[in-house]
Visitor: 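Questions regarding the structure given below will be posed in turn.
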Amino acid sequence: MKDVIAQKLGIKEEFINEKNGEYLIKGVDTAIVVNKDNSDIFKDYYLKFENCFFGEFEINNKKDIKWIELYYCNFESVKLKNVSLVGMCFIGCRVSYLLLNGCNFSKAFTFIRCSVDKKDDLSNDTKAYYVSKNEIGEITSQEIKNVVSHNTINGLFSVQVSEVIEKMNLKYTTFSGECSFAGNTFDELDLSHCVFKKNVSFLGCKFKNKSTDFSHSVFEGNADFSGCEFGAEVDVEKTIDLSSITFNGNAKFDESKFNHFVAFHTTSFEKTASFYKCKFYTIPNFSPADFKGILNINNVVWGEKNKGFDFKNVKELVEKAYNSNDTMENVINLRSSFSGMKHKLIEQDNLLDAQNFHKAELYCKEIELKKVKSRSTKEWVEWMLLLLYRKTSDHHTDLNRILHIMLMVIVSYGVMIVMSEYVFYCTGHVFASFLLACLCFGLSIAILYSLYQVKKCCINWITRAIIYTGIVAILICWPNILNPVLGMSNSSEYKNTRVMKVIDKLTAAELNQVNTELMAWRHIQANIAKSTREQILENKNIIKKNKYLTPALTDIVTAIKQDEVIYATRNSMSVIYLFLLILCVFSLQKTARKNTIVPS
């Protein structure tokens with residue numbers, strides 16, 4: 001038999017050893033050629049090659065090929081097309097070009113500790129060339145042009161390369177046995193439309209920037225992506241596509257890092273989906289991912305780019321999604337993503353993480369309504385409320401903020417009361433005074449809110465000090481402000497503030513003169529038992545209409561008109577103040593509830 005094998009392969013018999021029906025071909029340094037003329041030899045014999053050199057290794061359209069083992073061999077090229085074989089094993093080999101297409105491996109395909117020399121004359125494709133350290137093998141330069149497409153691998157599949165794999169294409173491949181890609185670095189990997197019948201491991205893999213595609217694949221066993229890094233450069237705008245995948249077993253992404261935006265949309269997790277200690281450069285899209293089992297997102301860093309799960313990060317994500325093709329569909333999909341994650345976390349009683357997705361969901365709705373070209377009244381009101389609740393309480397999730405904003409409203413109303421006492425009456429008109437009061441009230445709230453938002457510690461604490469001081473002053477001087485319904489606007493003392501001040505300044509002689517004049521008027525019934533002050537306050541309307549007045553009464557008439565302007569202004573402002581206070585109290589009690597994000 002050795003002579004037949006030697007003749008077929010064009011080598012000497014002395015390189016061939018036979019043992020128990022297996023033939024070992026060792027130490028051939030002249031180029032062995034395998035092609036259509038002699039590839040039938042692999043149908044008849046179990047062949048092993050060690051330290052051999054192949055100028056060409058090509059098998060096409062063959063069935064029933066036996067096991068082929070290759071140890072520390074060098075290849076100009078390896079091409080297998082439409083081949084059915086038991087298994088193939090590459091250990092420590094050097095390959096310049098590798099192409100497997102339409103193959104069926106009934107037992108196993110193994111590619112361990114191999115390197116692929118870079119040959120510039122093999123292809124005109126753009127070279128992406130890397131060197132990296134691998135615990136399994138040495139550091140060497142390499143390039144894999146194409147590996148495996150439209151194949152069926154029924155046994156163990158293992159790939160452990162010493163360097164970065166530039167391009168691996170396993171599209172439409174069925175893996176019936178367990179698979180291991182652990183510890184490899186891939187510049188371009190296509191595992192789309194694949195079926196993994198058993199467990200598969202990508203433990204510690206690095207998927208670089210060119211392309212990583214797992215879409216429309218089915219993992220029937222467990223899939224382990226622990227410690228992986230997706231994307232090499234965080235400043236490059238790229239998308240990691242992990243969409244439309246079905247994980248029938250457990251999916252484990254623990255301690256993985258996603259350096260770009262990652263899309264899990266329409267991916268199904270039938271059992272446990274674990275993202276423990278994952279780091280996402282920006283918030284991922286899970287729309288509408290289906291989590292049927294346990295979802296573990298403990299200690300996940302969301303949106304590392306903007307240091308947290310904040311509105312700035314969400315806004316950037318939504319704006320990018322909207323501008324990608326200028327459709328509302330992408331924004332709605334993102335909102336659906338946040339909503340789905342929220343509901344899943346609520347099911348697991350993880351309200352702390354759920355509230356982040358709750359805030360993001362409502363912010364997406366706010367942007368969605370804002371971009372509607374012709375909003376209805378209902379949509380307009382809904383948008384305004386979403387904007388208000390986001391600014392005041394992070395959609396009922398920030399108790400500290402809404403508490404301080406309520407205090408700002410009270411202090412600002414106090415500022416308006418003080419200003420009305422000394423400034424607003426000068427306008428002489430109720431409407432002008434009301435506009436000035438609105439300006440003062442709104443400006444006070446805006447200034448305090450803006451200063452409160454400043455992250456610098458000193459400014460923030462000074463603002464808090466101003467707010468607390470204002471509240472203490474109000475409690476001491478004007479406690480009725482805290483109750484706008486039964487408070488100062490209905491008190492006779494506040495209706496006649498300036499009149500009483502004028503009366504208090506009159507001398508005894510002036511008071512007697514005023515009292516005498518009032519009692520002489522036909523329209524006023526004299527009542528000696530009442531004081532001059534009481535007489536004036538009871539007859540204000542008559543006094544201000546009389547054309548013939550003493551100097552003292554002239555001052556009193558001016559004060560009466562000023563009080564009317566101030567009182568009307570305060571009455572109008574109390575309605576606005578009451579409305580804002582009710583909103584603040586509502587938000588405060590809703591934010592204080594532990595289950596505020598749970599749908600009713």
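Just so it is clear, the values below take in all heavy atoms, side chains as well, and ignore hydrogens, waters and symmetry mates. As the structure is a computational prediction, the values presented were derived from the model and not from experiment. By convention here, the first residue in the shown sequence is residue 1.
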Visitor: Please work out which of the three classes, parallel, tilted or perpendicular, describes the rings of Phe247 and Phe269, given edges at 30° and 60°.
Guide: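 It falls in the parallel class, under 30°.
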
Visitor: Using side-chain heavy atoms (C-beta onward) and a distance below 4.5 Å, is Phe338 in contact with Ile283?
Guide: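 In contact.
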
Visitor: Does NZ in Lys365 sit with more than 12 non-hydrogen atoms of other residues, nucleotides or ligands closer than 6.0 Å?
Guide: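 Correct, the count exceeds 12.
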
Visitor: Contact between Ile405 and Tyr449 at the side-chain level, heavy atoms closer than 4.5 Å - yes or no?
Guide: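 The answer is yes, as the side chains (C-beta and beyond) meet within the 4.5 Å cut-off.
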
Visitor: Within the 3.5 Å criterion, strictly below it, is a donor on Thr266 or Ser244 matched to an acceptor on the partner's side chain?
Guide: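 Judged by distance alone, the side chains do pair up.
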
Visitor: When you look at His260 and Phe207, which way does the ring pair (Phe, Tyr, Trp, His ring centres under 6.0 Å) test go after all the steps?
Guide: CA-CA 11 Å; His260 308 306; Phe207 305 97; over 10 Å; no

Visitor: Measuring from Leu451:CG to Arg464:CZ, what's the distance to the nearest 0.5 Å?
Guide: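 Rounded to the nearest 0.5 Å, the CG-CZ separation comes to 12.5 Å.
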
Visitor: Counting distance only, does the side-chain N/O of Ser587 pair as donor-acceptor with the main-chain N or O of Cys584 below 3.5 Å?
Guide: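 No; zero donor-acceptor contacts below 3.5 Å.
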
Visitor: At what distance, to the nearest 0.5 angstrom, does CG of Leu580 lie from CD1 of Ile410?
Guide: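 The CD1 atom of Ile410 is 11.0 Å from CG of Leu580, to the nearest 0.5 Å.
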
Visitor: Could you tell me whether Asp254 and Lys277 make a salt bridge, using a distance below 4.0 angstrom between a side-chain N and a carboxylate O?
Guide: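 A salt bridge is absent here (no side-chain N lies under 4.0 Å from a carboxylate O).
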
Visitor: What's the spacing between Ile402 CD1 and Met408 CE if we round to 0.5 Å?
Guide: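 That separation rounds to 9.5 Å.
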
Visitor: Can you confirm whether Phe230 sits close enough to Val262 that some side-chain heavy atom of one is under 4.5 Å from a side-chain heavy atom of the other?
Guide: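 They are not in contact (no side-chain heavy atoms under 4.5 Å apart), so the answer is no.
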
Visitor: Stepwise, does the side chain to side chain contact (heavy atoms under 4.5 Å, CB included) test hold for Ser274 with Asn250?
Guide: CA-CA 8 Å; Ser274 181; Asn250 298 325; over 6 Å; no

Visitor: With heavy-atom distances below 4.5 Å as the criterion, would you say the side chains of Val411 and Val409 are in contact?
Guide: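 They are not in side-chain contact.
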
Visitor: Before we go on, tell me: are the rings of Phe202 and Phe214 under 6.0 Å apart, centre to centre?
Guide: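 Ring centroids of Phe202 and Phe214 are less than 6.0 Å from each other.
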
Visitor: Between Tyr363 and His395, what is the shortest heavy-atom contact and its length?
Guide: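 Reported closest heavy-atom pair: N-NE2, 4.2 Å.
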
Visitor: Is a side-chain donor or acceptor of Ser256 paired with a backbone partner of Cys228 at a separation under 3.5 angstrom?
Guide: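 Answer holds: yes.
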
Visitor: How far apart are the C-alpha atoms of Asp563 and Tyr567, what are their side-chain angles, what is the distance that settles it, and do they pass the side chain to side chain contact (heavy atoms under 4.5 Å, CB included) test?
Guide: CA-CA 6 Å; Asp563 277 336; Tyr567 179 68; 5.8 Å; no

Visitor: Which heavy atom in Leu351 sits nearest to a heavy atom in Ile346, and how many Å separate them?
Guide: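 Between these two residues, the closest heavy atoms are CD2-CG1, 4.2 Å.
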
Visitor: Are the side chains of Arg375 and Trp383 in touch, meaning some heavy atoms are under 4.5 Å apart?
Guide: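 Touching, per the 4.5 Å side-chain cut-off.
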
Visitor: Taking C-beta and beyond as the side chain, do Leu581 and Met406 meet within less than 4.5 Å on heavy atoms?
Guide: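 The answer is yes, as the side chains (C-beta and beyond) meet within the 4.5 Å cut-off.
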
Visitor: Side chain to side chain contact (heavy atoms under 4.5 Å, CB included) between His216 and Ser192: does it pass, once the steps are laid out?
Guide: CA-CA 6 Å; His216 301 92; Ser192 62; 5.6 Å; no

Visitor: Is it true that Ser433 and Thr569 share a donor-acceptor pair across their side chains at a distance under 3.5 Å?
Guide: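 Result is yes, a qualifying pair exists.
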
Visitor: Between Ser393 and Leu588, is there a donor-acceptor pair closer than 3.5 Å when you use the side chain of the first and the backbone of the second?
Guide: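 Not at all, since once roles are kept as given, no pair shorter than 3.5 Å links the two residues.
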
Visitor: Verify the ring-centre separation between Trp302 and Phe357: is it less than 6.0 angstrom?
Guide: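 Ring centres of Trp302 and Phe357 closer than 6.0 Å.
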
Visitor: Test side chain to side chain contact (heavy atoms under 4.5 Å, CB included) on Ile294 and Gln348; report intermediate values, then the result.
Guide: CA-CA 8 Å; Ile294 297 172; Gln348 298 181 176; 4.2 Å; yes

Visitor: Below 4.0 angstrom, N of the basic side chain to O of the carboxylate: do Glu347 and Lys344 qualify?
Guide: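 Yes, this pair counts.
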
Visitor: For Ser336 and Ile332, indicate whether the former's side chain and the latter's backbone hold a donor-acceptor pair under 3.5 Å.
Guide: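 No, Ser336 side chain to Ile332 backbone: no donor-acceptor pair under 3.5 Å.
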
Visitor: Can you classify the ring geometry of Phe264 versus Phe280 as parallel (below 30°), tilted (30 to 60°) or perpendicular (above 60°)?
Guide: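 Aromatic pair Phe264/Phe280 classed perpendicular.
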
Visitor: Less than 4.0 Å between a side-chain N and a carboxylate O, is that true for Glu270 and Lys292?
Guide: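 Between Glu270 and Lys292 there is a salt bridge, with a charged N closer than 4.0 Å to a carboxylate O.
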
Visitor: Taking atom types as modelled and ignoring hydrogens, do the side chains of Asp398 and Asn400 form a donor-acceptor contact shorter than 3.5 angstrom?
Guide: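 Not at all, the side chains of Asp398 and Asn400 share no donor-acceptor pair under 3.5 Å.
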
Visitor: So Leu448 and Ile466, do their side chains get closer than 4.5 Å, heavy atoms only?
Guide: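 Result yes, sub-4.5 Å side-chain heavy-atom pair found.
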
Visitor: Between Ser226 and Leu203, which heavy-atom pair has the shortest distance, and what is it?
Guide: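 What the structure gives for the nearest pair is O-CD1, 3.4 Å.
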
Visitor: Within the distance-only criterion (no hydrogens, no angle test), does the side chain of Gln453 pair as donor or acceptor with the backbone N or O of Ser450 below 3.5 angstrom?
Guide: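 Pair absent, no side-chain N/O of Gln453 close to backbone of Ser450.
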
Visitor: Got a second to check how far Lys206's NZ is from Lys208's NZ, nearest 0.5 Å?
Guide: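 So the NZ of Lys206 and the NZ of Lys208 are separated by 6.5 Å.
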
Visitor: Is the distance from the ring center of His396 to that of Tyr389 below 6.0 Å?
Guide: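 Yes, the ring of His396 comes within the 6.0 Å limit of the ring of Tyr389, centre to centre.
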
Visitor: Report the residue from Tyr276, Phe253, Phe275 that forms a ring-ring contact (aromatic ring centres under 6.0 Å, His included) with Phe225.
Guide: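 Single pass found, and it is Phe253.
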
Visitor: So, taking the atom named OG in Ser412 and the one named CD1 in Ile467, what distance separates them when rounded to the nearest 0.5 Å?
Guide: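 Spacing of OG (Ser412) from CD1 (Ile467) equals 8.5 Å.
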
Visitor: Are Phe286 and Phe291 close enough that their ring centres sit under 6.0 Å apart?
Guide: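 Yes, the ring centres sit under 6.0 Å apart.
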
Visitor: Please find the pair of heavy atoms, one from Ala437 and one from Met416, that lie closest to each other, and give the distance.
Guide: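 Scanning both residues completely, I find the closest heavy atoms to be O-CG, 3.7 Å.
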
Visitor: Are the side chain of Ser339 and the backbone N or O of Arg335 linked by a donor-acceptor pair below 3.5 Å?
Guide: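 Such a contact is absent between Ser339 side chain and Arg335 backbone.
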
Visitor: So, taking the atom named CZ in Phe431 and the one named OG in Ser572, what distance separates them when rounded to the nearest 0.5 Å?
Guide: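 Phe431 CZ to Ser572 OG: 10.5 Å, rounded to 0.5 Å.
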
Visitor: Is a side-chain N or O of Asn350 found less than 3.5 angstrom from the main chain of Leu345, in a donor-acceptor match?
Guide: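 No; judged by distance alone, with no hydrogens or angles, the pair does not exist.
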
Visitor: For atom CG of Leu439, is the number of surrounding heavy atoms from other residues, nucleotides or ligands below 6.0 Å larger than 12?
Guide: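 Buried by this count: over 12 neighbours within 6.0 Å.
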
Visitor: Backbone N or O of Ile245 within a donor-acceptor pair of the Ser215 side chain at under 3.5 Å?
Guide: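 Judged by distance alone, no pair lies under 3.5 Å.
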
Visitor: Would a line drawn from the ring center of Tyr468 to the ring center of His404 be shorter than 6.0 Å?
Guide: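 Distance test on ring centres: under 6.0 Å, yes.
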
Visitor: How close do Tyr452 and Asn460 get, counting heavy atoms only, and between which atoms?
Guide: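 Of all heavy-atom pairs spanning Tyr452 and Asn460, the closest is O-ND2, 2.8 Å.
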
Visitor: Do the non-hydrogen side-chain atoms of Val415 and Ile417 ever get within less than 4.5 Å of each other?
Guide: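 A side-chain contact is absent here, since even the closest heavy-atom pair is not under 4.5 Å.
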
Visitor: Quick one: closest heavy-atom pair of Ser574 and Asn571, and the distance?
Guide: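 Looking at all heavy atoms of both residues, the closest pair is OG-O, 2.6 Å.
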
